[in-house]
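So the structure is just underneath, and the comments pick up after that.
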Amino acid sequence: MHKRFQLYWLRETGCDAGTPMDGNELDRAVRSRVMELAKDDAGPVAIRLPFLDRREWARRSETMRAVELAREGDTIFAVNPAMITALKDRAAELKALHPAWTDAPLESN
């Protein structure tokens with residue numbers, strides 16, 4: 001039986017907004033820690049990972065090793081050690097999901 005997750009991971013190069021996946025499909029950078037945190041849960045668990053820009057994505061194994069993961073209820077999340085990380089995450093989330101940005105005309109219009 002495979003452990004099921006819903007991945008929320010905004011990136012400069014893409015976005016997972018509740019993407020369903022099995023534990024073996026998770027990025028190697030977080031797979032073992034996520035599986036350890038979710039081991040006692042039979043239901044789907046949400047995973048919320050921090051925004052990564054292109055530079056950080058290219059080095060995601062190293063970047064994600066420095067991120068502490070925690071679990072509360074049915075959600076695994078990155079513990080933001082610095083205010084700048086939290087601000088960067090919020091800005092990326094607003095740009096990707098807020099109607100003021102998603103409904104705005106393209107630059108070429």
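Only a predicted model underlies this, so the values are computations on that prediction, with no experimental measurement involved.
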Quiz item: Looking at residues at least two apart in the chain, or sitting in another chain, which of them share a salt bridge (Lys or Arg N to Asp or Glu O under 4.0 Å) with Asp74?
Solution: none

Quiz item: If you measure from OG1 on Thr75 to CG on Leu37, what distance do you get to the nearest 0.5 Å?
Solution: 12.0 Å

Quiz item: If you round to the nearest 0.5 Å, how far is CZ of Phe5 from CG of Asp22?
Solution: 9.0 Å

Quiz item: Is there a path from Tyr8 to Val30 through hydrophobic residues (I, L, V, M, F, W, Y) whose side chains come within less than 4.5 Å of each other?
Solution: no

Quiz item: Taking the hydrophobic residues Ile, Leu, Val, Met, Phe, Trp and Tyr, and joining any pair whose side-chain heavy atoms are under 4.5 Å apart, which ones share a cluster with Phe51?
Solution: Leu10

Quiz item: Once you round to the nearest 0.5 Å, how far does CD of Glu68 lie from CZ of Arg33?
Solution: 9.0 Å

Quiz item: Can you name the residues that form a salt bridge (Lys or Arg N to Asp or Glu O under 4.0 Å) with Arg59, not counting sequence neighbours?
Solution: Glu62

Quiz prompt | Closest contact, heavy atoms only, Leu69 versus Ala78 | solution = CD2-CA, 3.9 Å

Exercise. Report whether Leu26 and Phe77 are members of the same hydrophobic cluster (ILVMFWY, side-chain heavy atoms less than 4.5 Å apart, transitive linking).
Key: no

Quiz item: Would a 4.5 Å heavy-atom cut-off, applied to side chains only, mark Arg55 and Thr63 as touching?
Solution: no

Exercise. Kindly say whether Pro50 contributes a backbone atom to a donor-acceptor pair with the side chain of Trp9 at under 3.5 angstrom?
Key: yes

Quiz prompt | Gap between atom CG of Leu52 and atom CZ of Arg60 - 0.5 Å precision | solution = 8.5 Å

Quiz prompt | Atom pair CD/NZ of Glu25 and Lys3 - distance to nearest 0.5 Å | solution = 14.0 Å

Quiz prompt | Spacing of Lys39 atom NZ and Arg71 atom CZ [to the nearest 0.5 Å] | solution = 11.0 Å

